[in-house]
Amino acid sequence: MGISYFNTLTRQVEPFTPREPGRVSLYTCGPTVYNYAHIGNFRAYVFEDLLQRHLEFRGFTVTRVMNLTDVDDKTIRGCRAAGVPLAEFTQPFKTAFFNDLDTLRIERAAHFPEATGADHIARMIEMIAALVERGHAYQAEDGSVYFRIRSFPAYGRLAHLNLDELRPSGRVSSDDYEKESVGDFALWKSWNETDGEVAWDSPWGRGRPGWHIECSAMATGILGPQIDIHCGGEDNIFPHHEAEIAQSECVTGLPFVRLWMHCKHLLVDNQKMSKSAGNFYTLRDLLDKGWTGREVRYALLSVKYREPLNFTSDGLAAARSALGRIDAWSRRLDETAAAVGEPLPPDLNVEAFGAALDDDLNISAALGALFELIRESNKRLDAGELTPGQARTLAGWRDAANSILRFEPDAAAIPLEVEDLLARRAAARAARNWAESDRLRDEIAALGWTVKDTKDGQKVSKS
RNA sequence: GGCGGGAUAGCCAAGUGGUAAGGCCGGGCUCUGCAAAAGCCCCAUGCGUCGGUUCGAUUCCGACUCCCGCCUCCA
């Protein structure tokens, strides 16, 4: 059975086939590094991670690009307020972003181009020049260059917007009188005093690129004129991705993207996340509350990407419990698999997991299949009916599934001091010296570790 | 105003024209020196409201109520 994904352009679930068999080019809109990314941003990045890992699970080689927007209105405003050069202002947020990706176990993209990279700026200017030459763009009185949306009839198709019905919005800035049409968007913004030191030379004078052309230039510059999949949050559909299509196709003359995928937004306690509502969280905020990266990953991953995700502390608590269940099963599996035995099929339904993901990344159904498998194999483990060989096969399957989920526990090295106390406690228990056993348990607890006696011996975990 | 998405148990959440996956919480049991953990079992005659089609609808159609997103640089 093949893979199918929902295409925003056609609004249908379609069979997925890349241009080149076995290889997928994937462009994902990355962060604007003017601040720490929040969990809403990370929902998108975790969704894209699921997509990439699913494709790899199915044998595709994925080349992913995730851009960093390090020049735009917000980054400029930020560096001006801080009184430092742009690059100095954005650097800490770039570093934090990569740390956060690691914490959430998001697979690194092959390329993380930065908009201010000299090659990319050069390509943006090249593309804008081509657009001007072909009549798709024009320079306005203020020196800025705009894309002429009337020159690209397909503009609005991705968002399914009828441009004639657009409602005038208060968000249209006051300088729009300089544009031919209110919908025309900036390709190159001419310098003004609020830009400070931030400017590049161009055929249209000093200025800086518009946001949309940054992505078109980095995407086509690295992945070529045609891309298999392009992702982002649903809010990127219009105008950002619409603009990317217009710019790229008017330059290359080729269809830009085969498949558009967008994830829905995240709500916190059923409300739109906002700083004013006090429900705005960065990953750091959650770690400070004692949640771990993999718990946040589970909470962000466990809801289908095309449904809004309601992010709550109950949800995080549920993630913690569910992960504990998976951990316990996983340990039992490894212990049973350790005994001698030829690998054997476990006679359990291990296909449902992948099949659910093949159906437009139905992660809820996939996790349902995983937990059913856990329950069935637990029953057999209880009954002593799962052979070591079967356990080994199942453990291999688990590892394959986990290459997508990445739910394994954090490796917590047990200090030698604790190891020593555990050994002494084991001896005391063998001698049925319960008083000594309890005393040692308290001592271990004082070091920050919790010991539990299972029928397979002592288990310690960080408390 | 235009376009689109949604409403399933205490919470989160799949799904199907034939009688509701899974997770969390809760209850029971097993295991057990104690503690804790773990495992198993149970937990929606019901899928926003009202009509219609059908042998049969949560699933299709219509109307209604409520929630949410986008409508020019917010993932």
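As the structure is a computational prediction, the values presented were derived from the model and not from experiment. Chain letters run A, B, ... following the sequence lines, proteins first, then strands; residues in each count from 1.
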Colleague: Identify whether any heavy atom of A/Gly315 sits under 4.0 Å from a base atom; if not, whether one sits that close to sugar-phosphate; answer base, sugar-phosphate or nothing.
Modeller: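 It contacts nothing in the nucleic acid.
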
Colleague: To the nearest Å, give me how far apart CG (A/Leu161) and C1' (B/G69) are.
Modeller: 12 Å

Colleague: Just checking A/Glu307: base, sugar-phosphate only, or nothing, at a heavy-atom cut-off of under 4.0 Å?
Modeller: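 Since only primed, P, OP1 and OP2 atoms lie under 4.0 Å of A/Glu307, the category is sugar-phosphate.
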
Colleague: Please pick, from B/C24, B/G22, B/A21, the nucleotide with the shortest atom-to-atom distance to any side-chain atom of A/Ala318.
Modeller: B/C24

Colleague: In this structure, how many angstroms lie between the P atom of B/C68 and the NE2 atom of A/His262, rounded?
Modeller: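 Rounded to the whole Å, the gap is 23 Å.
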
Colleague: Taking only side-chain nitrogens and oxygens of A/Arg375, does any of them come within less than 4.0 Å of OP1 or OP2 of B/G22?
Modeller: yes

Colleague: What I'd like to find out is whether the side chain of A/Arg380 reaches to under 4.5 Å of the side chain of A/Leu348, using heavy atoms alone.
Modeller: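 Counting from C-beta outward, A/Arg380 and A/Leu348 do come under 4.5 Å.
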
Colleague: Using purine N1 to pyrimidine N3 plus N6-O4 or O6-N4 for Watson-Crick, or N1-O2 and O6-N3 for G-U wobble, each under 3.5 Å, what pairs with B/C31?
Modeller: none

Colleague: Would you mind reading off the distance between A/Gln458 atom CD and B/A36 atom C1', rounded to a whole angstrom?
Modeller: 13 Å

Colleague: Measure from the ring centre of A/Trp434 to the centre of the six-membered ring in the base of B/G33, then say whether that distance is under 5.5 Å and the planes meet at under 30°.
Modeller: yes

Colleague: May I ask which nucleotide in the shown strands pairs with B/G10, Watson-Crick or G-U wobble, both distances under 3.5 Å?
Modeller: B/C24

Colleague: Given A/Thr75 and A/Thr90, is the side-chain hydrogen bond (donor to acceptor under 3.5 Å, both in side chains) satisfied, shown in steps?
Modeller: CA-CA 7 Å; A/Thr75 45; A/Thr90 56; over 6 Å; no

Colleague: Under 4.0 Å, heavy atoms only, any strand: does A/Ser437 hit a base, just the sugar-phosphate, or nothing?
Modeller: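 If one applies the 4.0 Å heavy-atom cut-off, A/Ser437 turns out to touch a base.
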
Colleague: Counting side-chain heavy atoms from C-beta on, which of B/C73, B/A13, B/G23 comes nearest to A/Pro239?
Modeller: B/C73

Colleague: What nucleotide, of B/C40, B/C3, B/C25, holds the atom closest to the side chain of A/Ser321?
Modeller: B/C25

Colleague: Roughly how far apart, to the nearest Å, are B/A44 and B/G22 at atom C1'?
Modeller: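 Approximately 14 Å lies between the C1' atom of B/A44 and that of B/G22.
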
Colleague: Is the distance from OP1 or OP2 of B/C70 to the nearest side-chain N or O of A/Lys272 less than 4.0 Å?
Modeller: yes

Colleague: Once you apply the 3.5 Å cut-off to both distances, tell me the Watson-Crick or G-U wobble partner of B/U53, or none.
Modeller: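 Partner of B/U53: none.
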
Colleague: Taking side chain as C-beta onward, heavy atoms only, is A/Asp102 less than 4.5 Å from A/Arg108?
Modeller: yes

Colleague: Under the criterion side-chain hydrogen bond (donor to acceptor under 3.5 Å, both in side chains), I'd like the reasoning laid out for A/Thr220 against A/Arg123: C-alpha separation, chi angles, the key distance, then a yes or no.
Modeller: CA-CA 9 Å; A/Thr220 59; A/Arg123 181 166 174 80; 2.8 Å; yes

Colleague: Quick check for you: among B/C24, B/C73, B/A75, whose closest atom lies nearest to any side-chain atom of A/His212?
Modeller: B/C73

Colleague: Within the structure, does a side-chain N or O atom of A/Lys379 lie under 4.0 Å from either OP1 or OP2 of B/C41?
Modeller: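 Yes, such a contact exists.
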
Colleague: For a quick check of understanding: with a heavy-atom distance under 4.0 Å over all strands, which category does A/Phe185 fall into, base, sugar-phosphate or nothing?
Modeller: nothing

Colleague: How close or far is atom P of B/A38 from atom NZ of A/Lys459, stated in whole angstroms?
Modeller: 13 Å

Colleague: Output the rounded distance in Å from CD (A/Glu372) to P (B/A14).
Modeller: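 Rounded to whole Å, this separation is 16 Å.
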
Colleague: Search all heavy atoms of A/Trp329 against all heavy atoms of A/Ser377 and return the closest pair with its distance.
Modeller: NE1-OG, 2.7 Å

Colleague: Quick one: which of B/G33, B/A37, B/A21 gets closest to the side chain of A/Arg425?
Modeller: B/G33

Colleague: Checking all strands, does A/Arg11 fall into the base, sugar-phosphate, or nothing category for heavy-atom contacts under 4.0 angstrom?
Modeller: sugar-phosphate

Colleague: Distance check: side-chain N/O of A/Asn378 vs OP1/OP2 of B/C40, anything under 4.0 Å?
Modeller: yes

Colleague: Once you apply the 3.5 Å cut-off to both distances, tell me the Watson-Crick or G-U wobble partner of B/G1, or none.
Modeller: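 For B/G1, the partner nucleotide comes out as B/C71, under the 3.5 Å rule.
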
Colleague: Go through it in stages, so that I can follow the logic: the residues are A/Thr8 and A/His262, the test is side-chain hydrogen bond (donor to acceptor under 3.5 Å, both in side chains), and I'd like the CA-CA distance, side-chain angles, deciding distance and then a yes or no.
Modeller: CA-CA 7 Å; A/Thr8 303; A/His262 296 91; 2.7 Å; yes

Colleague: Heavy atoms only, 4.0 Å cut-off, all strands: where does A/His240 land among base, sugar-phosphate and nothing?
Modeller: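 A/His240: no heavy atom of the nucleic acid under 4.0 Å.
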
Colleague: Round to a whole Å and report the spacing from CZ of A/Arg150 to C1' of B/U72.
Modeller: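 Result: 13 Å.
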
Colleague: What is the distance from CG of A/Leu309 to P of B/G6, rounded to the nearest Å?
Modeller: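 Distance, rounded to whole Å: 16 Å.
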
Colleague: Select one nucleotide: of B/C74, B/G22, B/A35, the one nearest the side-chain heavy atoms of A/Lys74.
Modeller: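 Nearest to the side chain of A/Lys74 among the choices is B/C74.
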
Colleague: Do the side-chain N or O atoms of A/Asn362 get closer than 4.0 angstrom to the phosphate oxygens (OP1, OP2) of B/G15?
Modeller: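 Indeed, a polar side-chain atom of A/Asn362 lies that close.
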
Colleague: Under 4.5 Å between any side-chain heavy atoms of A/Leu286 and A/Phe311, yes or no?
Modeller: yes

Colleague: Does some side-chain heavy atom of A/Tyr298 sit less than 4.5 Å from a side-chain heavy atom of A/Phe407?
Modeller: yes

Colleague: How long is the line joining CG of A/Asn349 and P of B/A21, in whole Å?
Modeller: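 Rounded to the whole Å, the gap is 15 Å.
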
Colleague: Return the nearest nucleotide to the side chain of A/Lys264; candidates are B/G2, B/G23, B/G5.
Modeller: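 The answer is B/G5.
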
Colleague: For A/Leu266, which contact category applies under a 4.0 Å heavy-atom criterion: base, sugar-phosphate, or nothing?
Modeller: base

Colleague: Toward the 5' end of RNA chain B, which comes first, A/His160 or A/Ile326, by nearest nucleotide?
Modeller: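 Result: A/His160.
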
Colleague: When we call it a touch if two heavy atoms are under 4.0 Å apart, what does A/Ala322 touch: a base, just sugar-phosphate, or nothing?
Modeller: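 Answer is sugar-phosphate: A/Ala322 comes under 4.0 Å of backbone atoms only.
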
Colleague: Can you figure out which of B/U72, B/C24, B/C73 approaches the side chain of A/Arg325 most closely?
Modeller: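 The answer is B/C24.
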
Colleague: When you measure from the side chain of A/Ala186, which nucleotide among B/G33, B/A75, B/C73 comes out closest?
Modeller: B/C73

Colleague: Please classify the nucleic acid contact of A/Asp438 as base, sugar-phosphate, or nothing, using heavy-atom distances under 4.0 Å.
Modeller: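 It contacts base atoms.
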
Colleague: Going by purine N1 to pyrimidine N3 plus the second Watson-Crick contact, or the G-U wobble pair, all under 3.5 Å, which nucleotide sits opposite B/G46?
Modeller: none

